[in-house]
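Some notes on the structure that comes next.
Both counts, for ligands and for their atoms, begin at 1 and track the order of listing.
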Amino acid sequence: MRVLVIGGGGREHALCLALARDPSVTEIVAAPGNPGIAAVARTVPLTTPLEVAREVGPDLVVVGPEAPLVAGAADELRAAGFAVFGPSAAAAALEGSKAFAKDVMAEAGVPTAGHWVATTPDELAAALDAAGPPFVVKHDELAAGKGVVVTSDRDEALAHGAGRRVVVEEYLDGPEVSLFCLTDGATVVPLLPAQDFKRAGDGDTGPNTGGMGAYCPLPWLPPDVVDEVVKTVAVPTVEHMAARGTPFAGLLYVGLALTSEGPKVVEFNCRFGDPETQVVLALLDSPLGELLHAVATGRLADVGPLRWRDGAAVVVVVASEGYPAAPVVGDAIEGVEDAASVPGVAVLHAGTATDADGRLVTAGGRVLGVTATGSDIAAARASAYEAVRRLRIRGGHHRTDIAAAVPQ
Ligand code: AMP
Ligand code: GLY
């Protein structure tokens with residue numbers, strides 16, 4: 001089958017690598033892709049998802065990022081007759097609007113943080129008083145991981161919400177887990193749980209980012225938690241979305257905090273997470289193309305149990321100078337081949353481009369996702385950091401503590 005992947009980040013590079021391992025996938029086209037993706041796929045400019053699909057004629061379109069999904073790309077593609085992996089705009093609102101997601105969770109009885117919606121300074125002040133510190137204030141729209149502040153500073157919380165509609169949440173304490181659930185709108189199949197590191201700095205300091213690293217699986221997670229989350233979160237959400245006439249089909253990303261009262265939802269996303277996808281798909285042994293095609297065509301119930309590789313995977317994100325506030329682009333990236341020669345390592349491209357002289361340069365905030373597999377997390381981590389040491393990007397930075405203190 002010919003697969004068209006929409007997007008050009010680290011997640012899409014990971015998707016393309018996993019698709020390339022599926023013998024039923026005969027051709028991969030990525031729009032726009034990136035220089036790393038160009039090694040496994042044919043890359044074409046992204047005019048619009050529909051225009052590209054009409055040119056390419058794919059058997060399956062995989063829409064990677066949230067922005068086109070929230071804007072209705074999957075609806076347009078489906079209306080034109082394509083098999084699409086990715087939810088409709090109405091279903092993608094689970095990510096596109098925090099307030100909508102909260103309503104759905106309340107209606108479906110899904111455990112999550114208590115919340116208040118505020119649109120005026122007075123409402124915001126009252127919500128902060130009711131919630132108490134630490135304050136969690138979220139912009140009610142897509143914000144690439146940067147619309148959330150968690151702070152004990154009331155003035156900072158007020159400033160973050162000034163002049164816009166926000167959701168104020170009760171603070172959830174406990175380790176975070178990302179659980180990706182494939183669903184065709186009826187059947188739900190969880191992937192392996194992962195954990196990502198959202199803050200820019202070591203020790204979970206600094207601003208929130210899209211994610212600075214991740215690992216998979218989670219040796220410390222009690223084995224029944226995945227089933228519990230499928231039962232208490234994913235299935236009721238999918239059933240409720242179908243009942244309200246906006247079925248969710250694609251990947252439901254369940255972001256959880258494991259609180260003393262049990263798992264509670266921190267956020268829903270409507271697509272594969274980045275960088276967790278890099279580690280989850282590194283361990284997937286089942287053919288990804290067949291799986292995503294089954295989701296796209298409502299046949300997920302026919303797919304047998306997923307197969308996973310033994311061992312673990314770790315990804316360390318190398319970011320450009322200034323990320324996340326103001327990423328500097330155009331800096332030379334050196335050492336990629338040397339880094340990729342470390343056994344078990346794949347250097348996944350995110351914000352990269354080729355300049356006029358053919359040199360690889362930075363083109364976004366998160367530049368590379370150095371992904372390693374190994375017999376366990378310590379081994380995968382050692383390989384990932386060995387590869388990171390071989391990279392040279394002026395002003396580049398990464399966290400040094402990804403998967404460093406994972407309880408076994
Ligand atoms: P979100 O974009 O909603 O995932 O929020 C980004 C990050 O902010 C999450 O991964 C958490 O680390 C943190 N966060 C969000 N909501 C809460 C909450 N209710 N309590 C504690 N931390 C939160
Ligand atoms: N890693 C977080 C996200 O993809 O939203």
Side-chain angles (χ1 to χ4, degrees), residues 7 9-12 14-15 64-67 69-70 92 94-102 105 110-116 127-128 130-152 157 160 166-180 191 193-201 203-216 251-261 263-281 315-317 319 324 348 350 365-366 369 371 399 402:
R11 161 188 46 219
E12 287 76 29
L15 284 164
E66 61 276 19
L69 291 166
V70 170
L94 277 184
E95 174 166 2
S97 165
K98 302 270 185 199
F100 174 74
K102 284 302 210 182
M105 285 187 257
V110 167
T112 185
H115 78 287
W116 299 260
L128 295 180
F135 304 108
V136 180
V137 181
K138 303 183 172 185
H139 294 169
D140 186 29
E141 76 248 16
L142 286 185
K146 287 170 266 175
V148 177
V149 296
V150 180
T151 178
S152 292
H160 188 67
V166 293
V167 172
V168 174
E169 276 186 14
E170 170 199 358
Y171 178 77
L172 295 179
D173 208 2
E176 285 186 44
V177 173
S178 302
L179 185 67
F180 297 169
L191 305 185
Q195 189 173 58
D196 82 342
F197 293 74
K198 289 225 170 78
R199 300 283 189 139
D204 293 330
T205 55
N208 262 315
T209 70
M212 294 297 289
Y215 66 95
C216 172
L251 188 133
L252 180 65
Y253 168 134
V254 182
L256 299 153
L258 302 185
T259 74
S260 52
E261 296 167 1
K264 292 191 182 183
V265 174
V266 171
E267 65 167 338
F268 281 141
N269 292 322
C270 65
R271 36 79 195 172
F272 279 97
D274 191 341
E276 297 98 311
T277 299
Q278 286 82 320
V279 285
V280 173
L281 293 186
V315 58
V316 177
V317 169
L348 303 188
R366 293 187 291 177
T371 306
R399 279 183 63 160
I402 302 300

Mind checking salt bridge (charged side-chain N to carboxylate O under 4.0 Å, His left out) for Glu176 and listing every partner two or more places apart, or none if nothing turns up?
Lys198

By number and element, which atoms of ligand 1 are closer than 4.0 Å to a non-hydrogen atom of Tyr171?
20 (N), 21 (C)

Within ligand 1, which atoms have a heavy atom of Glu170 less than 4.0 Å away?
18 (C), 19 (N), 20 (N)

Please name all residues satisfying side chain to side chain donor-acceptor pair (under 3.5 Å) with Arg399, sequence neighbours left out, ordered by chain then number.
Asp204, Asp401

Check whether any side-chain heavy atom of Arg199 sits under 4.5 Å from a side-chain heavy atom of Asn208, and report yes or no.
yes

Do Val137 and Leu128 make a side-chain contact, defined as non-hydrogen atoms from C-beta onward lying under 4.5 Å apart?
yes

Of the choices [options], which has the non-hydrogen atom that lies closest to [atom]?
atom	options	value
atom 5 (O) of ligand 1	Thr209, Thr112, Val137, Val148	Val148
atom 3 (O) of ligand 1	Glu176, Lys264, Lys138	Lys138
atom 23 (C) of ligand 1	Val168, Val150, Leu256	Val150

Using a 3.5 Å distance criterion without hydrogens, assess whether the side chain of [X] forms a donor-acceptor pair with backbone atoms of [Y].
X	Y	result
Asp140	Lys98	yes
Arg366	Gly10	no
Glu12	Gly9	yes
His160	Val136	no

Verdict with supporting geometry, Phe272 and Asp274, side chain to side chain contact (heavy atoms under 4.5 Å, CB included):
CA-CA 7 Å; Phe272 279 97; Asp274 191 341; over 6 Å; no

Going by side-chain contact (heavy atoms from CB on, under 4.5 Å), name the residues that satisfy it together with Glu276, two or more places apart in sequence or in a different chain.
Ser178, Phe180, Ala194, Asp196, Ala214, Tyr253

Before signing off on this row, confirm whether Lys98 and ligand 1 have an N or O atom pair separated by under 3.5 Å.
yes

What do you reckon, does Leu172 have a nitrogen or oxygen under 3.5 Å from a nitrogen or oxygen of ligand 1?
yes

Which part of Asp173 is near ligand 1, with near meaning a heavy atom under 4.0 Å away: side chain, backbone, both or neither?
neither

Exercise answer, ligand 2 polar atom pairs (N/O) under 3.5 angstrom:
unit_1   : atom_1 : unit_2 : atom_2 : d
ligand 2 : 1 (N)  : Asp196 : OD2    : 2.7
ligand 2 : 1 (N)  : Gly210 : O      : 3.1
ligand 2 : 1 (N)  : Asp274 : O      : 2.9
ligand 2 : 1 (N)  : Glu276 : OE1    : 2.8
ligand 2 : 1 (N)  : Glu276 : OE2    : 3.4
ligand 2 : 4 (O)  : Arg271 : NH1    : 2.8
ligand 2 : 4 (O)  : Asp274 : N      : 2.9
ligand 2 : 4 (O)  : Asp274 : O      : 3.4
ligand 2 : 5 (O)  : Asn269 : ND2    : 3.3
ligand 2 : 5 (O)  : Arg271 : NH1    : 3.4
ligand 2 : 5 (O)  : Arg271 : NH2    : 3.1

